[in-house]
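Below is one structure, written out as structure tokens, with a few remarks after it.
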Protein chains: 2
Amino acid sequence: MTTAVTRNGTTRKGLSAGLRPTSKVLPEHARAHNRALVLQHLFHAGPTSRADLARATSLTRVTISDLVAVLIAEGLVEELGIRPGQRVGKPAILVGMRTSAYQIVSVDLTDAAVMRGAVLSLTGDLVVRESLAIDGRTGTELVDLLTRFARRLIAAATQPVLGVGIGSPGVIDAAGRVIEAPNRRWFDLGLAEELSESLALPVHVANDANIAALGEFTFGGASGDGLLVLTVGEGVGAGIMLDGARVRGHSDAAGELGHVTVVDGGEPCACGRSGCLETILSEPALRRAVDGLDPDATDAALASVGRLLGVALAPVVSALNLAEVLLSGPADLLDGPLREQALETVRQRTMPAISAELELRMASLDEDVVLAGAAVLVLSGQLGVS
Amino acid sequence: MTTAVTRNGTTRKGLSAGLRPTSKVLPEHARAHNRALVLQHLFHAGPTSRADLARATSLTRVTISDLVAVLIAEGLVEELGIRPGQRVGKPAILVGMRTSAYQIVSVDLTDAAVMRGAVLSLTGDLVVRESLAIDGRTGTELVDLLTRFARRLIAAATQPVLGVGIGSPGVIDAAGRVIEAPNRRWFDLGLAEELSESLALPVHVANDANIAALGEFTFGGASGDGLLVLTVGEGVGAGIMLDGARVRGHSDAAGELGHVTVVDGGEPCACGRSGCLETILSEPALRRAVDGLDPDATDAALASVGRLLGVALAPVVSALNLAEVLLSGPADLLDGPLREQALETVRQRTMPAISAELELRMASLDEDVVLAGAAVLVLSGQLGVS
DNA sequence: GCGCTTAGTAAAGGAGGTCTACTAACTAAC
DNA sequence: GTTAGTTAGTAGACCTCCTTTACTAAGCGC
């Protein structure tokens, strides 16, 4: 008896993690990959000898020498002299990333009133910081203002600029096209492409909360895979990293945790519905909630918000088996009863196997997470490093 | 002013999707990838000419000819004669996967009382089906029984067996090691490795609910990325596909949605806590809930379960921006008020941008999903096809 | 028949990585 | 202080893989 289990003819996208082919791979892609591998190692582990790079990557010393020679010729890597310390054999020559070779320009558009920008070194150190009042501009005017602001930052850089990274609210696709950012009056706007043309530099654009997760992943204390970063500010956003990759979602809208209902019949939300997480967890909402309360009542109020956050997080943590949930935002409100109750609630509402290893703590980067994340966007886009 | 955004030296894993290097890539890996690309296309699109393969993969005709020649030599692919229909130019020779060249053996261990097994063709057609009572066996005894069962299935195959796929409850790592499957009394058991040795065949083992998602993704009607399959049986499990890859989770426990609390102070659960989704949504729980009720009351009872399911799903759907949620299990219970209310609840509790494109419907494969998924495990592991 | 188009193959070439073998430079031990 | 052993880095030959270019095969349309 032959029972058909069915079969259909749709073609699917994928990648090469579990060998799920998507598009052709050429030797030159292998080269680019291995090159990125070397940079990645130098970026995270610091100066390394060629021989150690070979061991770390499992490429041969010959290949590493060749790759390093190219990187040195490009000015991205430099020799740093003999490795100190005595040991047998020919002493190793350390090579390291020339972190001063390039700089990165980042812009954070999270705040509706003011755009924040920075020039960063390749290691994520903030070199210059600037900001500019938006004065209610939206749409094309805002693009113009952003372009001028970016130009000013590029001019402020003391080294050639590797690229420009921008974190914006809204739904943004992989190519940096803003599908919709209602508050900025941006709809189907090829922001990365436009800016890249007018600035004559690579420009990467992504959702602000999403790249906050990227920033924490690369520069923060995040220990590895399975990370969710919840950004609390005027609104509430989230970003998720799984298997070292940012989760984008089917229509590039992943991370929209702020508008999940957590209170039945709750307060009206800017999104038109009511009881959204954002109506209780955003910074303004929290300030209002604790305004004028005595310390005990404040703690109780924060804990009750924490509990609701925990209820919303539990299914996500459970479904994805996350390792870490980080809260980014005002520590005076978040890092206390709120956080503790959220963790406690998640533990109560998930299996021990899931919650045992879970950490829920404050993000280690401050208000500059989005700037850092935008820099990672550029690092990863231009050098394959993150 | 130079503000440090911090920097740490941890090394991270990743992959080559967004160019996030993890381990070296050689030309031969490119070759394997392109080879899989060809098979993938033939698998999903059916017989194709070399020239069309070249266009589909963007490899050159020369390379495709070469790859196809190898695949023909291996007996995986065969020429099927001239493409019918008249058009200008030399007529194309169709090549197709020799789906009869190999068969796959699948075992489904979801049921504690009986193991279900099958021999499938490469297209997922069930050729032979067998089952075997477990009689309360666990631990090593169960491994022995499973080995014998697998041998029997392998003997029943009418073609060489490509590999053995096994779906089991429990936490199972990428190498097919069962971290823990309490009901089977399996703890830290290298099941895939052991079986592979004793059967002298490639063996792939993964969580049953996880591979149900894989089965739906490949053989079912799932349209693309962002898929969650919820399996309802004795228990409740889930599997998630993102970007064409199965979500495994930090400690290989992704998909444990069955033990998320959905009823405060609800019924006790086998897991030791209470109010878990499984206490209301498992098949036994649903049968009990509707037992003896008149039709209207039945509908109301099912809808109320649907609502609670929707509450648990909303944060997951929102955070991941899923495209599809599929329910797999008894249609008489699931495919009605329960499903409708679940979808309605998710819509109410998430942003329109998230829920607008969301589909929540019944899975298209029947009780054989896990067997099909286990087959995909083998297909993907051995041929790179899924 | 002749021109045009499409399918498939052959040969040469370039890119990328490995293997083997070499030199350079140090430590340790007699 | 010489010799042996170890480690770092490089040179050259070789293999693999894909591409480019050029060719043959085989049909259609006039």
Pairing of B:Glu79 and B:Arg98 as salt bridge, 4.0 angstrom limit
no

How many Å lie between NE2 on A:His29 and P on D:dT16, as a whole number?
22 Å

Presence of B:Asn34 side-chain N/O under 4.0 Å of D:dC17 phosphate oxygens OP1/OP2:
no

Holding to side-chain hydrogen bond (donor to acceptor under 3.5 Å, both in side chains), I want the full list of residues that pass it with A:Thr99, two or more places apart in sequence or in another chain.
none

Determine, for A:Arg248 against A:Asp173, whether the closest basic-nitrogen to carboxylate-oxygen distance falls under 4.0 angstrom.
no

Backbone of A:Gln159 reached by a side-chain donor or acceptor of A:Gln103 within 3.5 Å:
yes

Starting from P on C:dG8, measure out to CG on B:Leu67 and report it in whole angstrom.
14 Å

Check every strand shown and say whether B:Arg35 touches a base, only sugar-phosphate, or nothing at a heavy-atom separation below 4.0 Å.
nothing

Just by protein heavy atoms under 4.0 Å, how would nucleotides 18-30 of chain C read 5' to 3' in B, S and -?
BBB---BBBS---

Measure CD/A:Glu79 against P/D:dA8 and give the value in whole Å, please.
15 Å

B:Asn34 side chain vs A:Lys24 backbone, donor-acceptor pair below 3.5 Å:
no

Separation of D:dT16 atom C1' from B:Glu28 atom CD, nearest Å, is 8 Å

Atom CZ of A:Arg55 and atom P of D:dT7: how far apart are they, to the nearest Å?
8 Å

Spacing of A:Asp52 atom CG relative to D:dT7 atom P, expressed in whole Å:
12 Å

Any sub-3.5 Å donor-acceptor pair from A:Ser121's side-chain atoms to A:Asp125's backbone N or O?
yes

Selected nucleotide, minimal atom distance to A:Ala92 side chain, candidates D:dC18, C:dA7, D:dA8
D:dA8

Which nucleotide in the list D:dA8, D:dC17, C:dG17 gets nearest to the side chain of A:Pro27?
D:dC17

Under the salt bridge (Lys or Arg N to Asp or Glu O under 4.0 Å) definition, can you give me all pairs with a residue in residues 63-77 of chain A, not counting sequence neighbours?
A:Arg31-A:Asp66, A:Arg35-A:Glu74

Is the shortest side-chain N/O distance from A:Ser65 to OP1 or OP2 of D:dT10 below 4.0 Å?
yes

What integer distance in Å separates A:Asp66:CG from D:dA13:P?
16 Å

Within the structure shown, what part of the strands sits under 4.0 Å from A:Ile93 by heavy-atom distance: base, sugar-phosphate, or nothing?
sugar-phosphate

